[in-house]
2 protein chains.
Amino acid sequence: MPAAFKTLPEPPDLPEPLPEPSVADLRLEEVMGALSSSLRLTIVRKLLLESEEFDHSCHWFGLDRPKSSLTHHFKALREAGVTRQRQYGLERRSQVRVDDLNARFPGLLDLVAAWTPQP
Amino acid sequence: MPAAFKTLPEPPDLPEPLPEPSVADLRLEEVMGALSSSLRLTIVRKLLLESEEFDHSCHWFGLDRPKSSLTHHFKALREAGVTRQRQYGLERRSQVRVDDLNARFPGLLDLVAAWTPQP
DNA sequence: CGTTCAGTACGACTCCAATCGTACTGGATG
DNA sequence: CATCCAGTACGATTGGAGTCGTACTGAACG
C-alpha cells in the first residue's frame with residue numbers, strides 16, 4: 001500500500017490547472033522518463049516531503065538554474081502527469097498529483113520519497 | 001512488500017555475468033531512464049511474467065528489430081542494473097535482477113509487471 | 001499608467017539516445 | 001578446417017532533450 005503523503009487542505013477558488021494528461025492517460029514510460037533526472041527527482045521529492053503549503057512556486061525550491069531551464073523541467077513534469085500546475089497571478093505553482101499517481105502506479109511515489117541524491 | 005517474482009533454479013557452472021553496477025551503485029535515475037521506453041518495458045515485463053527458463057537469449061523475446069538495435073537496448077538495461085547478462089557460447093542471456101531491485105527499489109518491479117503496452 | 005517581477009517564448013547550441021546497415025568476431029558444429 | 005550463426009563493433013544519421021540568453025508577457029502595485 002502506498003504511503004499517504006500529506007496533502008494539505010485545498011484553498012477555495014483555485015485557479016484552473018494548466019493542461020495535463022487525465023488519470024487514464026498516464027503512461028508509465030512517460031512518468032519514468034520524467035523522473036529519470038536528478039533535478040526532477042529533487043523537485044518531486046521536495047514537494048512530497050517538505051511541502052508546507054498546498055502548492056509551491058518554482059522559487060520555493062531554491063534551484064540554482066536559469067529561469068528558462070526551470071520552466072522546461074516543470075513543464076516536463078506536468079506534461080508527464082507527475083505534477084499539476086496552477087497560475088496564481090504572476091506565479092505558477094506546482095503540486096504532486098499524489099492521488100492520481102497512487103491510483104495508477106502504487107508505490108512509485110514511495111520510491112521517489114526514498115531517493116537521495118548522489119553526493 | 002514487493003511481489004516475489006518466481007526465480008527459477010540456477011543451473012550450476014554459470015558463466016560469469018557481464019559487467020554490471022553493484023547493488024549499492026544502483027541509481028534510481030538510471031533505472032527509471034532504462035525503463036522509460038515501451039520496448040524495454042516489454043522486455044523486462046516479459047522476463048518477469050513469462051520466463052520458463054533461468055535466463056533468455058534475445059531471440060526468445062520475438063522482437064522485430066534489427067540485431068544491432070537489440071544489442072543496444074539489452075546493454076542499456078544491463079548497464080542501468082535492471083538485468084544481468086551471461087554469455088553462453090554464442091548466446092548472451094538476460095535475467096532481471098529481481099532480488100537486487102527489490103532490495104533497493106521495493107515495488108518498482110510490480111509497476112513493470114502491471115504495465116501494459118499501449119494498443 | 002508606469003514599474004516591477006514571475007515566468008514564458010523563442011531560438012541557438014550541444015549532446016546523447018535511438019535506429020539500423022554493414023562488417024566483423026569467435027564459439028559451435030560437422 | 002570450413003561453415004554457420006548469435007551477437008558485437010563501428011559508424012552514419014536522425015531526432016529529441018537539456019541548457020541557457022534574450023526578449024517578451026501580463027498581473028500586481030504604487
Side-chain angles (χ1 to χ4, degrees), chain A residues 13-20 27 29-44 47 53 55-95 117-118, chain B residues 13-20 27 29-44 47 53 55-95 117-118:
Chain A
D13 287 335
L14 286 176
E16 278 304 292
L18 276 70
E20 64 181 26
R27 293 179 55 186
E29 312 91 285
E30 305 289 331
V31 173
M32 294 275 202
L35 298 176
S36 66
S37 103
S38 63
L39 178 63
R40 296 202 287 242
L41 280 175
T42 300
I43 291 171
V44 178
L47 279 173
E53 303 285 340
D55 49 8
H56 291 271
S57 81
C58 76
H59 183 261
W60 173 75
F61 296 88
L63 301 166
D64 187 24
R65 303 285 181 101
K67 294 193 295 178
S68 49
S69 297
L70 297 182
T71 297
H72 173 74
H73 291 291
F74 280 96
K75 183 180 178 187
L77 286 170
R78 171 173 53 85
E79 289 184 341
V82 178
T83 58
R84 173 167 295 143
Q85 289 185 290
R86 288 188 162 90
Q87 191 83 34
Y88 293 74
L90 283 181
E91 283 184 356
R92 182 167 291 195
R93 299 192 199 149
S94 297
Q95 59 175 149
Q118 179 100 329
Chain B
D13 286 334
L14 286 176
E16 278 305 290
L18 277 68
E20 65 182 24
R27 292 178 55 185
E29 312 90 284
E30 304 289 332
V31 172
M32 294 276 202
L35 297 175
S36 65
S37 105
S38 63
L39 177 64
R40 296 202 287 241
L41 280 175
T42 300
I43 291 171
V44 178
L47 279 174
E53 303 284 339
D55 49 7
H56 292 270
S57 80
C58 76
H59 183 260
W60 172 75
F61 296 87
L63 301 165
D64 187 24
R65 303 285 181 100
K67 294 191 295 177
S68 49
S69 298
L70 297 182
T71 297
H72 173 73
H73 290 291
F74 279 98
K75 181 180 178 188
L77 286 170
R78 173 173 53 85
E79 289 184 339
V82 177
T83 57
R84 171 167 296 143
Q85 288 185 290
R86 288 188 163 88
Q87 190 83 32
Y88 292 74
L90 282 181
E91 283 183 355
R92 182 167 291 195
R93 299 192 197 149
S94 298
Q95 60 175 148
Q118 181 100 325

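So you know, we letter chains A, B, ... as the sequences are listed, proteins then strands, and number each from 1. Just so it is clear, the model here is predicted, and its values are computed rather than measured.
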### Task
Write down the distance between CZ (B/Arg92) and P (C/dT25), rounded to a whole number of angstrom.
16 Å

### Close residues, residues 67-88 of chain A, relative to DNA chain D [heavy-atom separation under 4.0 Å]
A/Ser68, A/Ser69, A/His72, A/His73

### Query
Once you round it to whole Å, what is the distance between P of D/dG7 and CD of B/Glu91?
5 Å

### Residues touching DNA chain D, which here means a heavy atom under 4.0 Å, drawn from residues 58-66 of chain A
A/Arg65, A/Pro66

### Query
Any sub-3.5 Å donor-acceptor pair from B/Gln87's side-chain atoms to B/Gly89's backbone N or O?
yes

### Message
So which atom in B/Gly33 and which in B/Ser36 form the shortest heavy-atom distance, rounded to 0.1 Å?
### Response
O-OG, 2.7 Å

### Task
Have a look at B/Ser57 and say if it touches a base, only the backbone sugar-phosphate, or nothing, with a 4.0 Å heavy-atom cut-off.
sugar-phosphate

### Query
What's the CG-P distance between B/Leu90 and C/dG27, to the nearest Å?
9 Å

#### Entry: Gap between atoms NE2 and P, on B/His56 and D/dA6 respectively (whole Å)
17 Å

### Message
Checking the side chain of A/Arg78 only, and the main-chain atoms of A/Pro19 only, is there a donor and an acceptor separated by less than 3.5 Å?
### Response
yes

### Query
Can you name the nearest heavy-atom pair linking B/Pro17 to B/Arg86, along with the distance?
CG-NH2, 3.7 Å

### Query
Over how many whole Å does the gap from A/Glu29 atom CD to C/dA17 atom P extend?
19 Å

### Message
Minimum heavy-atom separation for B/Leu41 and B/Leu35, please, with both atom names.
### Response
CG-O, 3.5 Å

Donor-acceptor pairs are to be reported for all side-chain atoms of residues 67-74 of chain A against protein atoms at under 3.5 Å, with residues two or more places apart or in another chain.
unit_1  : atom_1 : unit_2  : atom_2 : d
A/Thr71 : OG1    : A/Lys67 : O      : 3.2
A/His73 : ND1    : A/Arg40 : NH1    : 3.1

#### Entry: Closest contact, heavy atoms only, A/Val82 versus A/Ala34
CG2-CB, 4.3 Å

### Task
For B/Arg40, answer base if it contacts any base atom (sugar-phosphate contacts may also be present), sugar-phosphate if it contacts only those atoms, and nothing otherwise; contact means non-hydrogen atoms under 4.0 Å.
sugar-phosphate

### Task
Could you check B/Trp60 against B/Asp55 for side chain to side chain contact (heavy atoms under 4.5 Å, CB included), going step by step and ending with a plain yes or no?
CA-CA 10 Å; B/Trp60 172 75; B/Asp55 49 7; over 6 Å; no

